[in-house]
Amino acid sequence: MNSEHGHGHHRAGPDPRTESHLTPEQTQALEARVQALEAVLVAKGFVSPATLDALASLYEHDIGPMNGAKVVARAWVDPAYKQRLLTDATAAIAELGFGGLQGEHMVVVENTPTVHNVVVCTLCSCYPWPVLGLPPTWYKSAAYRSRVVIDPRGVLREFGLELPESVEVRVWDSSAELRYMVLPERPAGTEGMSEAELAALVTRDAMIGVAKVCVKSDRA
Amino acid sequence: MNSEHGHGHHRAGPDPRTESHLTPEQTQALEARVQALEAVLVAKGFVSPATLDALASLYEHDIGPMNGAKVVARAWVDPAYKQRLLTDATAAIAELGFGGLQGEHMVVVENTPTVHNVVVCTLCSCYPWPVLGLPPTWYKSAAYRSRVVIDPRGVLREFGLELPESVEVRVWDSSAELRYMVLPERPAGTEGMSEAELAALVTRDAMIGVAKVCVKSDRA
Amino acid sequence: MNGIHDLGGMTCFGPILREENEPVFHAPWERRVFAMTMLTMGVVDTLDAFRHAIERMDPVHYLTSTYYEHWLAALETLLLEHGLVTAEELATGTVRTPVTSPRSPLPPEAMVAIVRRGVPANRPADQRTPRFRPGDQVIARNLHPIGHTRLPRYVRGKRGVIARVHGTFVYPDTNAHGGGEQPQPVYSVCFMARELWGPSAAERDRLYIDLWEDYLQEA
Amino acid sequence: MNGIHDLGGMTCFGPILREENEPVFHAPWERRVFAMTMLTMGVVDTLDAFRHAIERMDPVHYLTSTYYEHWLAALETLLLEHGLVTAEELATGTVRTPVTSPRSPLPPEAMVAIVRRGVPANRPADQRTPRFRPGDQVIARNLHPIGHTRLPRYVRGKRGVIARVHGTFVYPDTNAHGGGEQPQPVYSVCFMARELWGPSAAERDRLYIDLWEDYLQEA
């Protein structure tokens, strides 16, 4: 069966599947609309510009997948920590100083040679902000949200991850206020690495569950 | 709960809910595209312009709800015909000279004081062409196709038809090659009318099942 | 395919907009698309393949374009996929490749005769004995095929009763994909509204839908 | 509401497009929308009401606009519905009505503290004793509410097993509509892929989803 979309001729408009394909006119219109909204909210005392800046800056600089990577690396080198992480993820993550909005109730699920986990939020785009930052556009796309629950193996294949039939795939749909992070498998050949070196290997996609952690080839 | 759609600011584009709201530019582009297609199909021997015209003319002039109205009127005045219509609609409709494409396998369902029928095609817009002609835009709209199966009483209310709880609503989803027409109730006060007069009362909407047949006030 | 076309049960499309005194066609291009599609149906591909070509439209394009634009998109898609036209030909209206129609164009009288006669989708009943009879309890299978199907999502897994045996009909799930007609029984199946939509549905309301035998299992 | 946002199980949206080295925000307006939404959350309305405001977007607008435009639309919708701003104010950026914020704007340090601390959605467990325990067989109810729900269509009517009791959480179905928090137990429920998607799913694959107790019944 041909699974391609039909012949083109789509009406003009942004590609709904990517965040960065607005036309300059669309971006300009949105900028103006958002400036007006901000002016109103500031004038009415709902927000202050300095706080808006401080808040956005946090997610640009302090809060991102480097946090989750530290959690993963610690779990790889410290079996007791790993046990705590899998039992009470929120508390274990707080041990490393991470937590807060959209990570108040964390669950960490472990990949093994026989189980592969992958995280989604089909109804909106819930995501564990304190450890992974704000979600990438593909995670929020209709394509990912709709299909990973019904065809996880096909989706993972698109990400370059071909799983054998013997592996059990577990999809986690974040429909409530629990937030999920995947603890990837520690790759072979990393026995001598420090915790910081290990953390540098861990990618955002591996902690969502659409990739495995690899030893970068320039290290091999 | 507020069931209105959220605040506007929709991107420019046709209203997907009505067929007649294309911009002049969009219509122009479609005209050009269709002319090119026709030129290619004619040049390749798939179609002849005279046949295209003859075919479209049939549905503009000969085939429409006036046919179904005749069937309904006959059923109202002739109990034996009505019985045949409810038993083998295709054959009974053929008695009046109607039939053919998208009416090869007809089913007629009868409205009574205790049962109200309404027809839809949720997956595309199947419709009994020989008796009702080509479907109106609302019948093909996402709004109708999606909602009439889950909330038929709410949809009928939008059409001005409030049904008491005691009436059983039957929705017919035309998912296969059977085509459905509703036999509406004969309204009171029509006892002296001729078959032709009765046919003039019968509307397309009544034969889809989103309306009842009324005696027009100027006749009263 | 679990596509945007499978609309049954969604409640997000707002009010139903109606047009007073709606014309049969709103523009000349609609009239031509209607007639071209009908004239090439069965020559280019099957009705089932045509429906599936509409289903394969981009969801946003599907929702923002009108009915005859769906037809136009599907006709172009099938013509292109079967190599009967090229994208350049569609863009220019000028033919570069040899004439490829397998038959000469129908004259008007022949097409009118087809309209009047119809193209039945039923087949001799001897090919497969119906497994179910009126009154039998059935469950619509929970199938999620990749390709074309006429089993909408909202009835899958639901329990109903056979209301009527309609006869033996071409099976769209194979016929849309070049897999042949594989005719089989089609049934009118009655579902209680509450079985489909839960306790908020009206107690006595029902939904009837026509389902091929392979969509059904014993309850 | 059975809306376009309830995407689980659709297969019509094409490949997943990824962006290399994606920035946190693609434009200044996204950055401001993100921060304004977070700063007014809980002041204008609840997170559940905000999610429902996104769900009430026109389906085509929903599918053609990006994530932060969803946030922008929902924030504007709630501000307008609560009478906190007027359409004219949004169009002009000029305030005509008196200041209406119920509290003074948060200073940066206070907001950073909230980010670090979070806003937990769990509540004391004594309000309602969990009906189910790990290992219990359950069926997700076949509910089709008019308003907000976090019970997606694809699990309704399906049979699963309680994997974990998460605790007691605010109930979105009431909280989104001014009906109060009405906290109740939330469970991790495990469904076999074949229960959800039929025989074409991989035999050993599973889906876990978090469901409030009122979404569940004994199997």
Side-chain angles (χ1 to χ4, degrees), chain B residues 5 13-14 16-20 27 30-31 34-41 43-48 50-52 54-56 58-60 99-101 103-105 122-125 134 136-138 140-147 149-150 153 158 168-173 175-178, chain C residues 5-11 13-19 22 24 26-27 29 31-36 38-40 51 63-64 66-67 85 89-90 92-93 95 99-101 104-108 111-112 115-118 120-122 150 152 166 169 186 197 202 204-210:
Chain B
H5 285 137
R17 295 166 295 183
T18 62
E19 192 119 12
S20 55
T27 298
L30 282 162
E31 290 290 357
V34 171
Q35 274 169 21
L37 176 60
E38 182 173 336
V40 170
L41 289 181
K44 296 201 179 210
F46 281 94
V47 302
S48 84
T51 310
L52 293 175
L55 174 58
L58 272 182
Y59 290 92
E60 288 170 319
L101 282 184
E104 296 91 345
H105 315 284
T122 60
L123 293 174
C124 45
S125 304
L134 299 178
T137 299
W138 65 258
K140 301 177 280 188
S141 68
Y144 181 73
R145 287 165 49 198
S146 60
R147 197 149 56 84
V149 288
I150 187 172
R153 289 166 187 268
E158 271 187 50
E168 174 186 317
V169 175
R170 297 184 181 170
V171 181
W172 299 83
D173 189 352
S175 49
E177 299 305 337
L178 290 299
Chain C
H5 69 285
D6 189 355
L7 289 164
M10 296 185 80
T11 56
F13 289 101
I16 296 152
L17 303 184
R18 284 172 283 161
E19 186 182 345
E22 186 178 344
V24 173
H26 289 81
W29 72 267
R31 190 173 185 272
R32 304 309 271 191
V33 166
F34 168 76
M36 282 193 280
M38 296 307 296
L39 264 171
T40 54
R51 289 199 181 114
L63 291 176
T64 54
T66 60
Y67 185 63
V85 305
E89 286 172 338
L90 290 183
T92 61
V95 167
V99 174
T100 48
S101 173
S104 53
L106 279 180
M111 186 64 213
V112 170
V115 169
R116 299 293 187 195
R117 196 172 61 236
N122 62 348
R150 298 290 287 184
H166 283 308
F169 286 81
V186 169
W197 314 114
R204 65 183 77 231
D205 291 356
R206 297 154 192 260
L207 179 129
Y208 292 78
I209 183 170
D210 296 323

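Excluded from the calculations below are hydrogen atoms, water molecules and symmetry mates; all remaining heavy atoms, backbone and side chain alike, are included.
L123(B) touches chain C through backbone and side chain together, each having a heavy atom under 4.5 Å away. Proximity to chain B is limited to the side chain of A202(C), based on heavy atoms less than 4.5 angstrom apart.
T27(B) OG1 to H26(C) NE2: the interatomic distance, rounded to the nearest 0.5 Å, is 10.5 Å. To the nearest 0.5 Å, atoms NE2 (H166(C)) and CG (L178(B)) are separated by 3.5 Å. Atom CD1 of residue I150(B) and atom CE of residue M10(C) lie 10.5 Å apart, to the nearest 0.5 angstrom. Between I16(C) atom CD1 and R145(B) atom CZ the span is 12.5 Å, to the nearest 0.5 Å. Here the straight-line distance linking atom NZ of K140(B) with atom OG1 of T66(C) works out to 7.5 Å at 0.5 Å rounding. Within the model, atoms CG of L55(B) and CE of M111(C) stand 4.5 Å from one another, a figure rounded to the nearest 0.5 Å.
With contacts defined as side-chain heavy-atom distances shorter than 4.5 Å, the pair R147(B)/F13(C) does not qualify. Taking the side chain as every heavy atom from C-beta outward, P105(C) and V47(B) never approach each other to under 4.5 Å. In this structure, the side chains of P15(C) and E158(B) come closer than 4.5 Å at one or more pairs of heavy atoms.
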Could you walk me through whether E38(B) and R31(C) satisfy the salt bridge (Lys or Arg N to Asp or Glu O under 4.0 Å) test, starting with their C-alpha distance in whole Å, then the side-chain angles of each, then the deciding distance to 0.1 Å, before giving a yes or no?
CA-CA 12 Å; E38(B) 182 173 336; R31(C) 190 173 185 272; over 6 Å; no
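Judged by distance alone, with hydrogens and angles left aside, the side-chain atoms of R32(C) form no donor-acceptor pair with the main-chain N or O of A56(B) at under 3.5 Å. With hydrogens and angles disregarded, no donor-acceptor distance shorter than 3.5 Å links the side chain of S146(B) to the backbone of T11(C). Counting only distance, with no hydrogens or angles, the side chain of E177(B) and the backbone of F169(C) share no donor-acceptor pair below 3.5 Å. In this structure, the side chain of R150(C) does not engage the main chain of A176(B) through any donor-acceptor pair within 3.5 Å.
With respect to chain B, the highest number of heavy-atom pairs below 4.5 Å among V95(C), V186(C), V115(C), V33(C) belongs to V115(C).
Defined by atom type and a distance below 3.5 Å, a donor-acceptor pair is missing between the side-chain atoms of E19(C) and T137(B).
Among L207(C), L7(C), I209(C), the single residue meeting the side chain to side chain contact (heavy atoms under 4.5 Å, CB included) criterion with V149(B) is L207(C).
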